[in-house]
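First comes the structure, then the notes that go with it.
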Amino acid sequence: MGTTERRPIIEMKGIVKVYPDGTRALKGVDLTVNKGEILGLLGENGAGKTTLMKILFGMLQPTSGKIFINGEEVRFKSPSDAISKGIGMVHQHFTLVEVFDALHNIILGMEGHGLFSKIDVERARKKLQKLMDDLNFQVPLDIPVEDLPVGVQQRIEILKMLYRDVDVLILDEPTAVLTPIEVEELFRVLRQLKAEGKTIIFISHKLNEVLELTDRVTVIRKGEVVGTVNTNEATPQLLARMMVGRDVVLRIEKPPKEAGEPILKVENLKVMGDRGEVAVKNLSFEVRAGEIFGIAGVEGNGQTELIEAISGLRKVSGGRIYLNGKDITGKTPRELYDMGMAHVPEDRTHMGLILDMTVTENSVLGLHWRPKFQRFKGVIHWGKVRKHAQALIEQFDISAPGTEAPVKSLSGGNQQKLIVAREVSKEPVFIIAAQPTRGVDVASTEYIRNYLVKLRNEGKAVLLVSADLDEVLQLSDRMGIIYEGEFMGVVKPEEVTTEEIGMMMGGIRYEEIRK
Amino acid sequence: MNAGDVITILITSLMAMVPIVLTSVGAAWSERAGVVSIGYEGVLLMSAFFGAIFAELSGHATIGLLGGVLTGVLLGMLHGALTVYLKGDHVIPGIGINLLAMGVVPFGILAYWGTAGQHQLPDNAELWHIKTSTVELSPMVFVTILIALVTWWVLFKTPLGLRVRAVGENPEAADALGINVEKYRFWSAVYGHALAGLAGAYMSVDWLGLVHKTMSGGRGFIALANMVFSGWNPLVSLIGGWLFGFFEALATWLAPKHIIPGQFILMLPYIMTLIIVAGIIGKARPPKADGRPYKRE
Amino acid sequence: MKKSGSDLTKALNPRPFIESLIAILVGFIIGAIVLVAFGYDPLAAYYWLFTGALGSARGIASTLKYATPIMLTALTFAIGTRTGIFNIGAESSFYFGAIAAVIFTNIWANMWFGLLMGMLFGALWALPAAALKVYRGVHEVISTIMLNWIGWFFVLWLIVGPYANPNDPNKTIRIPEAARLPEIGYGLSIAIIIAVIAALLTYFLLWHTTMGFGMRASGINQKAARYAGMNPKLAVMWSFIIGGLLSGLGGAMKIMGEGPGYAISQGGANIYGFGFDGIGVSLVGRNHPLGIILSALFFGMLRAGTAMMQARAQVPLEIIKVIQGIIVIAVAIPSLYDLVKKAVHRGAAQ
Amino acid sequence: ISSGGEESKTGAIAIVYDVGGRGDLSFNDMAYLGASKAAKDFNLDLVELQSNSEDDYVENLRTLASEGKYAVIIAVGFMMTDAVKQVASEYPDQKFAIIDGSDPEMPDNVMMILFKENEGSALAGALAGLIAANDGKDKVGIVLGMEIPVLYKFEAGYRFGVKWAEDYYKQKEGKDVNIDVLYQYTGSFGDAAKGKAAAQAQLSQGAWVIYQVAGGTGLGVFDAVEEALKAQNKKMGPPFAIGVDSAQDWIKPGVIIASMTKRVDVGVYTAVKDAVEGTFKGGVVELGLEEGGVGLSTVDDVMAMFDSLPEDTQKQKLKDLGFNSRDELKQYLEQTRGQVPDWIWDAVKQLQDKIVSGEIKVPAPMDKDGIEKVRQAKTWQDMQELAQ
Ligand SMILES: Nc1ncnc2c1ncn2[C@@H]1O[C@H](COP(=O)(O)OP(=O)(O)OP(=O)(O)O)[C@@H](O)[C@H]1O
Ligand SMILES: Nc1ncnc2c1ncn2[C@@H]1O[C@H](COP(=O)(O)OP(=O)(O)OP(=O)(O)O)[C@@H](O)[C@H]1O
Ligand SMILES: [Mg+2]
Ligand SMILES: [Mg+2]
């Protein structure tokens with residue numbers, strides 16, 4: 001790690017934050033950020049990382065505590081105050097106007113000239129192009145961002161802040177949705193920014209990333225700072241222990257197991273994407289009992305369409321899908337759930353849960369019609385459902401204020417656990433697990449991964465789709481690498497190198513690599 | 001149909017278009033910023049009333065129009081305060097404003113002018129019209145077209161418009177860039193209601209030269225439909241509003257011919273709107289954060 | 001009975017109830033200021049308002065009578081809101097329910113048949129908006145506003161033409177006596193009971209059935225509902241259909257259960273406006289069927305007390321409308337509850 | 001607003017308006033006029049009740065009846081017929097009067113006051129037809145509110161008058177004329193814009209005189225005609241509008257040649273007078289041309305209407321119209337009528353006399369079939385057949 005001039009640029013002292021609903025998210029946090037360093041911020045879901053950073057960015061007002069920038073006390077009433085002091089933040093949940101293109105998203109609020117004059121698009125474009133060229137960090141400027149992959153959206157978020165010429169850049173879990181290649185690219189840019197003298201606060205749940213990128217790491221647990229260490233003195237085990245307060249098994253125990261009968265069989269599957277393009281091309285594979293079949297690949301290469309087709313959410317344009325030997329092509333999700341399929345969707349807040357409904361209600365989504373939850377046909381027996389929810393909470397150690405709390409009051413990790421719990425309670429023979437640990441803290445990640453292995457050990461078939469290559473490598477018995485809707489190869493993780501996988505993800509077929 | 005008829009239908013439709021277009025342009029702007037209101041019917045009625053008072057007191061129709069705008073501004077501030085600052089429901093105050101107007105206006109007409117239910121404006125309180133020997137046209141038609149154009153231009157070409165749209169699509173995003181979401185939303189609501197206020201005053205001091213206790217005649221709601229019809233685009237609102245006015249004028253012109261029962265003729269503008277929307281326009285996507293209060297915490 | 005506690009508590013959550021109550025109070029206070037400003041005596045006005053509405057069996061009967069139709073149209077709006085739809089088509093479904101009741105009870109003079117046909121035609125008239133929404137993505141605000149007008153003129157044509165009463169052309173043909181809703185007393189028919197049952201059923205449907213669960217889930221998050229194996233399109237369809245059904249029932253009962261005419265008046269004078277009034281009722285009832293029962297009763301009371309308020313306190317109808325408007329606006333202030341709570345706490349602390 | 005409850009009053013009367021309420025420029029306003037005059041003359045309190053919707057009628061009537069202190073309760077409008085019937089049977093000792101409504105089974109404590117609007121409208125039709133014929137025009141118009149059967153009487157009477165005018169003109173000038181009646185039901189009583197558009201369409205299609213029977217919607221008719229006049233730099237018609245129900249000429253002097261008056265005020269006054277003087281009798285009282293219950297407004301009628309406005313309002317109105325005194329208004333109204341030759345006024349008078357004497361009968365269709373037959377009829381004689 002480079003030697004940094006040890007001058008604090010930011011000091012936060014005794015920050016306390018009590019949310020209006022009474023949640024004590026921060027209980028007196030001190031944080032120091034030195035000029036020109038990359039500071040890692042670690043902590044479990046709900047530890048208070050985002051809250052702390054939003055306070056620094058002026059989006060939230062602290063209940064008490066002081067903030068100093070370059071030794072001078074500041075009070076931010078809004079983000080514009082923070083930005084004017086050179087602090088920028090890239091949010092955990094993207095804050096992009098989806099219908100605007102990148103250019104307008106970036107210049108928003110800094111359009112130049114008066115409010116009523118025509119926006120000088122060309123000038124802005126030139127300025128932006130120069131910025132992008134300097135960093136070698138390109139995004140298409142004229143496409144509505146909703147049509148862009150998340151990786152690109154992430155870049156736009158970063159450019160948005162750089163365009164404002166900030167000295168301190170806060171990145172809240174920027175890598176959660178990125179592919180390995182994108183992560184590498186991001187790190188390159190961050191290092192370059194650091195070299196230019198910028199200060200970066202980097203939040204992540206991924207220990208290896210923090211170890212690779214940062215200079216120092218501050219760990220927060222339950223609204224309090226556990227400690228700060230120099231990265232070159234830290235180990236994954238140390239950080240994990242600091243975060244969780246106990247030892248964490250970072251390797252997944254996966255006993256070898258002979259796979260059984262094919263449970264899911266996909267034959268020559270063809271699926272169209274939203275824009276009428278062929279998203280999945282002639283894909284064939286099978287997932288056997290007692291096997292985790294992983295799908296790796298850069299996001300946007302047909303994974304979503306594939307999953308949706310298998311789970312009955314998207315029309316199949318060609319080919320067949322079989323579950324337990326029965327043709328299930330064109331069946332509805334509900335029919336599939338009743339036939340023993342379960343589905344942990346990739347986006348928990350939009351697909352997996354209904355945030356405004358209670359834990360009880362969410363615990364029965366997709367099983368609500370089952371006779372065991374019915375008083376009589378068509379009438380839900382909420383008493384039984386509540387017991388079911390209670391059982392899931394206990395069995396999966398979900399921390400929730402209660403079964404009648406809205407699910408949005410749960411932390412991300414616990415939300416994800418609830419989904420997994422619910423899906424498992426469907427007693428499936430086949431489970432689709434899409435991005436099962438995205439944005440989930442170490443402890444929950446550990447839990448969920450182990451649980452998937454447990455399901456496999458119990459003889460269930462698991463289809464794992466993840467942008468986290470480590471996850472796929474660690475969990476899969478076999479894996480397919482998808483590129484533009486086709487498998488570049490189907491391999492066993494232990495038989496290939498990371499480089500080879502990288503090449504396949506880039507569109508080179510396994511046969512060609514091995515030639 | 002001869003040339004004279006065509007001109008009559010055209011002029012009638014242009015005059016009828018004004019209140020609908022103004023209101024839907026205002027509503028479109030307000031909803032682009034994320035503030036929904038269904039109280040425009042009441043705003044139209046109240047500003048028709050207060051606009052007329054302003055016009056008479058000053059002896060100038062233009063002051064009357066401004067009085068209508070002022071009425072709209074005040075009602076918009078009420079709506080904005082409730083929805084933007086107090087984070088209240090967006091639909092409820094509108095219903096309240098409509099009810100309020102139904103009480104205030106008939107009461108006010110009797111209390112202020114001493115005539116029950118209606119009042120005729122004197123000539124000096126009516127707006128000057130462009131006249132030929134057969135027809136006359138209000139300059140407000142051109143003002144309306146101009147307002148629609150300018151509103152469209154500002155909304156889609158300037159920093160102000162960009163921010164307004166951002167605030168209605170994703171207030172978090174705007175907030176994170178230091179845009180004062182509440183300020184933009186509040187003043188957008190005010191602008192929306194102000195245009196409806198202008199529309200109401202137009203009805204009394206310009207179009208009809210009278211105040212009547214139910215003169216808004218459902219135009220506030222038609223304007224909302226037109227706003228959706230236009231996909232929240234002021235320029236398309238202009239066309240939509242004119243089309244509606246056109247079909248209404250056509251229906252009125254056809255009515256004395258009694259080809260089909262009168263009630264079916266009266267349906268014409270509504271059926272045509274439905275057909276156009278179903279057949280051509282289809283899906284309209286409202287601004288994403290439309291009608292949703294924004295709270296930081 | 002061991003009731004699923006979760007649900008009951010949710011159904012009876014006191015907070016929205018108290019909020020609405022405070023809003024009503026604020027409305028009355030501002031209303032009093034208005035009354036004073038125009039030289040009326042607010043105490044007398046309110047005294048007669050409540051006496052008129054609740055001071056006698058007759059008054060209570062008319063409160064209940066007024067509450068009936070708006071309760072049903074409010075349910076239509078509430079079901080829409082709960083399913084993510086801004087359905088303002090109750091108005092015209094109400095017309096169709098009314099005219100269907102008139103037509104079909106004159107074919108077969110049976111009360112149930114009349115109610116059934118009212119519901120059926122109310123629902124049928126809601127279908128175009130549903131279909132346009134599901135298949136063409138047409139925003140329901142446009143379709144329902146347009147359909148309200150189209151339905152209005154269509155029903156006007158029916159009542160002045162084919163179904164005008166030859167003996168009394170100011171009305172349609174009457175509901176045959178055999179098909180009228182039985183009276184409970186004081187001119188009040190069983191319509192109110194049916195309306196309350198409809199509200200309870202609506203509550204039951206939305207919160208206790210798989211179908212209602214699907215509808216509510218789709219209303220909040222279509223995508224998640226789809227992922228959970230529900231059918232949001234179907235939910236939208238059902239929302240319109242059940243909504244239309246309820247308003248249709250309201251329209252049918254308006255004519256079948258309310259004398260003296262038992263017919264639609266020319267110009268639609270006795271079937272007009274209930275759909276729009278229902279929106280306010282639903283909102284004050286927080287779009288919850290149980291809240292709507294209370295809020296409809298409240299609005300019914302305001303209407304029922306109006307006569308006394310005019311006659312005895314000489315307050316003109318317009319002022320009463322102003323007060324209603326203020327109450328509705330006050331309901332929109334969400335923090336009223338907190339503001340009052342804070343004030344109370346501060347008061348208690350001192 | 002009603003007169004306060006001073007001690008000195010000798011009694012009270014009450015009036016229940018229908019949903020149009022005060023300001024409908026029609027029977028509600030006229031009823032108020034009669035009631036307030038009666039209240040003054042007989043030193044009575046006047047209590048007014050507005051109705052928010054049709055559902056309120058029973059409630060309003062019952063509330064008043066239960067007080068038992070009103071000499072008579074007046075219900076304004078045919079829509080209250082059933083309600084009056086019900087409440088009157090509940091309170092047999094309370095006297096009621098209903099305007100425009102009748103029922104064969106009405107209890108005998110109810111006076112039912114009906115008007116022969118068809119007869120008055122016939123005069124309006126004759127006036128319109130003769131003005132058009134005299135000016136060589138071949139169309140007149142009528143703009144109506146919502147299509148409800150009560151309006152058929154107005155339309156039929158108007159048509160009758162126009163046909164009669166054709167015949168009269170032919171006999172007078174020896175020239176065949178054929179005058180079409182453009183008619184339109186606007187679907188509303190409260191949307192002036194609709195009335196304006198309707199009148200503009202009729203004017204552009206050649207209507208020379210337009211009779212409005214559309215309440216608030218009709219206000220737009222006056223505006224449209226005024227605009228047409230102004231476009232030709234005329235202050236006075238033709239083209240003209242004809243007002244309805246009350247003597248509306250004062251609303252736009254110069255534009256409105258006359259109004260078909262329906263003297264609801266007279267009816268109400270009579271009911272109160274009878275009640276106070278103890279001569280009240282239940283049953284139908286039908287007021288036609290003969291009884292002065294309907295007619296064509298005279299300048300005096302208009303001035304009386306004008307005088308009934310509050311004083312401030314009168315002053316303001318004069319100022320708005322650009323007159324210095326009440327007399328100037330009167331002169332102006334006379335001048336307006338002067339635009340129409342005397343022989344036309346005489347002719348209308350002739351028709352009136354014939355109707356009064358029973359020599360001529362004006363059809364009064366009650367339903368769609370009835371009005372359809374009148375529309376089909378070729379001559380006034382054919383129409384008269386329908387009046388049997
Ligand atoms: N708006 C809010 N209202 C109430 N409580 C909140 C709110 N936002 C966050 N919290 C709570 O504050 C605590 C800290 O949340 P925060 O989002 O800061 O955690 P985090 O460390 O960023 O977690 P993650 O890793 O899941 O992003 C959590 O308990 C969370 O539930
Ligand atoms: N998401 C939904 N939205 C709207 N209606 C639904 C939804 N899900 C189910 N329904 C309807 O609700 C009714 C009862 O639903 P339920 O889920 O109990 O079906 P079921 O009849 O028990 O199932 P099956 O048809 O498998 O026997 C059915 O008519 C169904 O069409
Ligand atoms: Mg966070
Ligand atoms: Mg004018």
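Here the structure is a predicted model, which means the values were calculated and not measured. Quick note on labels: first sequence line is chain A, next is B, and so on, each numbered from 1.
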[X] versus [Y]: any side-chain heavy-atom pair under 4.5 Å?
X	Y	result
D:Ile251	B:Gln118	yes
D:Thr217	B:Met215	no
D:Glu147	B:Leu266	no
B:His129	D:Glu227	yes
B:Thr252	D:Gln184	yes

Exercise for the section: Test side chain to side chain contact (heavy atoms under 4.5 Å, CB included) on D:Asp320 and B:His119 and set out the steps. Expected result: CA-CA 11 Å; D:Asp320 289 353; B:His119 171 74; 3.9 Å; yes

How long is the span from the [atom1] atom in [X] to the [atom2] atom in [Y], to the nearest 0.5 Å?
X	Y	atom1	atom2	result
B:Leu208	D:Leu219	CG	CG	9.0 Å
D:Gln200	B:Glu136	CD	CD	8.0 Å
B:His212	D:Phe189	NE2	CZ	11.5 Å
B:Thr115	D:Trp250	OG1	CH2	6.0 Å

Within the side chain of [X], is there an N or O that forms a donor-acceptor pair under 3.5 Å with the backbone of [Y]?
X	Y	result
B:Thr214	D:Gly190	yes
D:Ser204	B:Thr8	no
D:Gln205	B:Trp253	yes

Which atom pairs, one a donor and one an acceptor, fall under 3.5 Å between side chains of residues 39-50 of chain B and the rest of the protein, sequence neighbours left out?
residue, atom, partner, partner atom, Å
B:Glu41, OE1, B:Arg219, N, 3.2
B:Glu41, OE1, B:Gly220, N, 2.7
B:Glu41, OE2, B:Ser216, OG, 2.8
B:Glu41, OE2, B:Gly218, N, 2.7
B:Ser47, OG, B:Val43, O, 2.6
B:Ser47, OG, B:Leu44, O, 3.3
B:Ser47, OG, B:Gly197, O, 3.2

Problem - D:Glu311, CD atom: more than 12 neighbouring heavy atoms under 6.0 Å - result: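 Check fails, neighbour count at 12 or below.
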
Practice task
For B:Phe54, look at atom CZ and say whether over 12 heavy atoms of other residues, nucleotides or ligands are found less than 6.0 Å away.
Solution key: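 Incorrect, the count does not exceed 12.
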
Handout entry: CA sep, side-chain torsions, deciding dist, call: B:Asp123, D:Lys230, side chain to side chain contact (heavy atoms under 4.5 Å, CB included)
Key = CA-CA 11 Å; B:Asp123 282 347; D:Lys230 280 187 181 162; 3.0 Å; yes

Determine the minimum heavy-atom distance between [X] and [Y], stating which atoms define it.
X	Y	result
B:Gly114	D:Pro310	O-CD, 3.5 Å
B:Trp207	D:Ala193	CH2-CB, 3.3 Å
D:Ala192	B:Leu210	CB-CD1, 3.9 Å

For [X], is it the side chain, the backbone, both or neither that has a heavy atom under 4.5 Å from a heavy atom of chain B?
X	result
D:Tyr183	both
D:Lys317	side chain
D:Leu309	side chain
D:Asp29	side chain

Exercise for the section: Would you please test B:Lys257 and D:Leu182 for side chain to side chain contact (heavy atoms under 4.5 Å, CB included) and show each step? Expected result: CA-CA 8 Å; B:Lys257 309 210 178 302; D:Leu182 301 178; over 6 Å; no

